[in-house]
Amino acid sequence: MRDIVWIPIAALYAVALAGLMVYGLHCYLMIALFLLRQRRQRAANHREVEDYLRDRPPSDFPHVTIQLPIYNEREVVERLIHSVAAIDYPRDRLLVQLLDDSTDDSRDLVERTARAAQEHSGIPFQVIRRDHRHHFKAGALAHGMTLTDSDFIAIFDADFVIPTHFLKRAIALLEPDPILGCVQARWGHLNRLENWLTRAQSVGIDGHFMAEQGARSYHRLCLNFNGTAGIWRRAAIDAAGGWQGDTLTEDLDLSYRAQLAGYHLRYDIDLECPAEIPNTIGAFKSQQRRWAKGSIQTAVKLLPSILRTRRLSLYQKLEAALHLTHYLVSLFMCTLCILTLPMLLWTPLPARNLLLGILWGLIVISAIAPWVMYTGSGIILRRGLFSFLHFPAMLVVGTGVCLNNAHAVIDGLLGRPGDFVRTPKSGSMAGGRRRTSYVVPVNLWLGLVELLLGLYCWYTLGVYLDAQKYLFGFFLAAYACGFSAFGLATLFPARRPAPIHP
């Protein structure tokens, strides 16, 4: 039986590893492309902003609408509105739309805070409500656009704090180039040091917003608007067909459709917008599940058009395919986790030693790639030691969430519908720890499977060490710790205030 079974297992194991290698090599490429041009491009951005703003009177700035999509954001909406009211931009050329789909008592809070902010700042605030949540955030943004004629639309999620200089710098980069559709800012972190989970996430977010977004922008590869902390040219949204709610990542979907329509997107690494990082595993899993499923939905929807278009080069198409399908990594990771034990037990000894030596050597090469990207990004941000020290925690987070994401990827591939479940915010800031009063949807069955996988990985690690193999035990331990932590946190969440159901 073993002589027959080990061959297909080894083949599947090798396929999963090959997939991880492809995306691992892609990480190396992103950091190399980023480093190649980042200094020159950042200097060019600064010159463009200075040239645009020099001696420019208020009457020369374009009209801008700031859209703030909100859904039950009691913990953070006051902070958001106060930051909008402090923006340095001509007041007569601003409109703020609070696209409030809330169903709880935060509605009154939004009204009061918006009214006070308008009286204090002189900026017009509109509280816009729908009697439904059709197409969720995408529907709210599209509805808001029908109520303004501004040529530029800035968008911020509720957990962000908007820098006072955001609009002037973003407009300086966006307005002069008629084929530039969007400028995306870098996400900062309001609560980076809150706990081990926020520390780990901050390392990953920095890697995305330094290496990945920088590389794509500087080399005219397909770039994505991240759903917030960015400003759009209205003409680009219209040319792309407007906001559409048939995926859970309406931002990624619109970004690619705009680029297929002939516009390009730009990233400004030095325009930082701080935001709140999910501070519980439940909130983090909810966010990742939406991103994973939505990315695959967008890939299924748009990859045929991307591969057919003549607007993109072959290299741009290949990079776009890797970008849109990145969450397939979670499937490959789960496959390796499950098949390592059968590989150890059923593969004949000579073949096992050779195969596992080669395959785990390739795993190391693939696993080092994210480490290079994340720590390299931390060095550019002058947080190199922090990124280095907290990469093990990020590795635990990355392995722990892979079953959650793999489940979402399968849903996306199978075309299963799903609601837009927003990530609950707590209002955490630097130096403070808070928990949201909103309920995070929990999949207890998934948590149970995660815990069982954790136990399975601990057993696999024991078998591996018993065979007097030690070199790659660190990675097996990361799987065991990650699945165990995420399973336990899902089944036995930390105590929180009495829940308020949205």
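Residues: numbered from 1 along the sequence shown.
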>> Taking salt bridge (charged side-chain N to carboxylate O under 4.0 Å, His left out) as the definition, give me every residue that meets it alongside K285, ordered by chain and number, with sequence neighbours left out.
In response: E450

> Which atom pair, heavy atoms only, marks the closest approach of L453 to L403?
Replying inline: CD1-CD2, 3.9 Å

> Any sub-3.5 Å donor-acceptor pair from T399's side-chain atoms to V396's backbone N or O?
Replying inline: yes

> Crowded around H165 NE2? As in, over 12 foreign heavy atoms under 6.0 Å?
Replying inline: yes

> How long is the span from the CG atom in N443 to the CG atom in N404, to the nearest 0.5 Å?
Replying inline: 8.5 Å

>> Which residues pass the salt bridge (charged side-chain N to carboxylate O under 4.0 Å, His left out) test with D411, not counting sequence neighbours?
In response: R416

> Can you find a heavy atom in the side chain of V183 that is under 4.5 Å from one in the side chain of W232?
Replying inline: no

>> Between W187 and D206, is there a side-chain heavy-atom distance shorter than 4.5 Å?
In response: no

> Would D157 and K137 count as a side-chain contact (heavy atoms from CB on, under 4.5 Å) if you check the C-alpha gap in whole Å, the side-chain angles of each, and the deciding distance to 0.1 Å?
Replying inline: CA-CA 10 Å; D157 282 347; K137 180 179 175 181; 2.8 Å; yes

Please list, one pair per line, the donor and acceptor atoms closer than 3.5 Å that link side chains of residues 217-224 to other protein atoms, with sequence neighbours excluded.
{"residue": "S217", "atom": "OG", "partner": "Y267", "partner atom": "N", "Å": "3.0"}
{"residue": "H219", "atom": "NE2", "partner": "L33", "partner atom": "O", "Å": "2.9"}
{"residue": "R220", "atom": "NH2", "partner": "H264", "partner atom": "NE2", "Å": "3.4"}
{"residue": "N224", "atom": "OD1", "partner": "H323", "partner atom": "NE2", "Å": "3.3"}

>> Assess the residue pair L324 and S295 against the criterion (side-chain contact (heavy atoms from CB on, under 4.5 Å)); give the C-alpha distance rounded to whole Å, side-chain angles, the decisive distance to 0.1 Å, and a yes or no.
In response: CA-CA 6 Å; L324 290 175; S295 294; over 6 Å; no

> Rounded to the nearest 0.5 Å, how far does CZ of R54 lie from CD of E50?
Replying inline: 7.0 Å

>> If the condition is side-chain contact (heavy atoms from CB on, under 4.5 Å), which residues does A44 pass it with, not counting sequence neighbours?
In response: Q41, R47

> Among all residues two or more places apart in sequence or in another chain, which pass the salt bridge (charged side-chain N to carboxylate O under 4.0 Å, His left out) test with R233?
Replying inline: none

> When rounded to the nearest 0.5 angstrom, what is the spacing between OH in Y479 and SG in C334?
Replying inline: 7.5 Å

>> Within the structure provided, determine whether L302 and I306 are in side-chain contact (heavy-atom separation under 4.5 Å).
In response: yes

> Where the side chain of T325 meets the backbone of L328, is there a donor-acceptor pair that is under 3.5 Å apart?
Replying inline: no

> Who passes salt bridge (charged side-chain N to carboxylate O under 4.0 Å, His left out) against D151, sequence neighbours left out?
Replying inline: none

> Hey, is NE2 on H46 packed in by over 12 heavy atoms from elsewhere, all under 6.0 Å?
Replying inline: yes

>> Set out, in order, the CA-CA distance, both residues' side-chain angles and the distance that settles side-chain contact (heavy atoms from CB on, under 4.5 Å) for L95 and Q126, then state yes or no.
In response: CA-CA 8 Å; L95 171 66; Q126 293 180 347; 3.8 Å; yes

> Is a side-chain donor or acceptor of N405 paired with a backbone partner of S330 at a separation under 3.5 angstrom?
Replying inline: no

> Does T228 offer a backbone N or O that forms a donor-acceptor pair with the side chain of N226 under 3.5 Å?
Replying inline: no

> In chain order, what residues pass the side-chain hydrogen bond (donor to acceptor under 3.5 Å, both in side chains) check against Y327, with sequence neighbours excluded?
Replying inline: Q288

> Can you tell me how far CD1 of I237 sits from CZ of R257, rounded to the nearest 0.5 angstrom?
Replying inline: 10.0 Å

>> Within the structure provided, determine whether F386 and L381 are in side-chain contact (heavy-atom separation under 4.5 Å).
In response: no

> Taking all atoms of both residues into account, what is the closest heavy-atom pair of S150 and V64, and its distance?
Replying inline: OG-C, 3.8 Å

> What do the steps show when you test L98 against F125 for side-chain contact (heavy atoms from CB on, under 4.5 Å), and what is the final call?
Replying inline: CA-CA 7 Å; L98 287 154; F125 280 74; 4.0 Å; yes

> With side chains defined as the heavy atoms from C-beta onward, is the minimum distance between V96 and P124 less than 4.5 Å?
Replying inline: no

>> Quick one, T247 and I296 - any side-chain contact, counting heavy atoms below 4.5 Å?
In response: no

>> Treating Q97 as the side-chain partner and L68 as the backbone partner, does any N or O pair qualify as donor plus acceptor under 3.5 Å?
In response: no

> How far apart are the closest heavy atoms of A170 and L271, and which atoms are they?
Replying inline: CB-CD2, 4.1 Å

>> How close do G181 and A236 get, counting heavy atoms only, and between which atoms?
In response: CA-CB, 3.6 Å

> How long is the span from the CD atom in E78 to the OG atom in S106, to the nearest 0.5 Å?
Replying inline: 10.5 Å

>> Applying salt bridge (Lys or Arg N to Asp or Glu O under 4.0 Å) as the test, list every pair that has at least one member in residues 237-246; sequence neighbours left out.
In response: R234-D238, D246-K301

>> When you measure from the side chain of S121 to the backbone of I123, do you find a donor-acceptor pair of N or O atoms at a distance under 3.5 Å?
In response: yes

> If only atom types and distance count, is the side chain of E73 paired as donor or acceptor with the main-chain N or O of A158 below 3.5 Å?
Replying inline: no

> Which pairs pass salt bridge (Lys or Arg N to Asp or Glu O under 4.0 Å) with one or both residues in residues 88-98, sequence neighbours excluded?
Replying inline: D88-K168

>> Whether the side chain of N191 engages the backbone of E194 through a donor-acceptor N/O pair (distance < 3.5 Å, no angle test) should be reported.
In response: no

> Taking the side chain from S286 and the backbone from G282, do they hold a donor-acceptor pair closer than 3.5 Å?
Replying inline: no

> What do the steps show when you test E276 against R79 for salt bridge (Lys or Arg N to Asp or Glu O under 4.0 Å), and what is the final call?
Replying inline: CA-CA 11 Å; E276 184 180 321; R79 183 179 69 189; 3.3 Å; yes

>> If you count heavy atoms of other groups shown closer than 6.0 angstrom to NE2 of H326, is the number above 12?
In response: no

> What's the shortest heavy-atom distance between Y263 and A239, and which atoms?
Replying inline: CE1-CB, 3.7 Å

> How far apart are the closest heavy atoms of L491 and L444, and which atoms are they?
Replying inline: CD2-O, 3.5 Å

> Can you check whether F284 reaches N279 side chain to side chain, under 4.5 Å on heavy atoms?
Replying inline: no

> Taking N72 as the fixed residue, which of D100, D105, T103 is the one that meets the side chain to side chain donor-acceptor pair (under 3.5 Å) rule?
Replying inline: T103

> Could you state the interatomic distance from CG (L174) to SG (C182), rounded to the nearest 0.5 Å?
Replying inline: 7.5 Å

>> Does anything in residues 109-128 form a salt bridge (Lys or Arg N to Asp or Glu O under 4.0 Å)? List the pairs, not counting sequence neighbours.
In response: E111-R129

> Under the side-chain contact (heavy atoms from CB on, under 4.5 Å) test, which residues partner P62, sequence neighbours left out?
Replying inline: Y52, Y89, F152, I171, E175

>> With a 4.5 Å cut-off on side-chain heavy atoms, are H143 and L99 touching?
In response: no

>> By the salt bridge (Lys or Arg N to Asp or Glu O under 4.0 Å) test, which pairs, at least two apart or in different chains, include something from residues 259-272?
In response: R42-D270, E48-R266, R169-D268, R186-E272

>> Any side-chain to backbone donor/acceptor pair from R289 onto A408? Under 3.5 Å, distance only.
In response: no

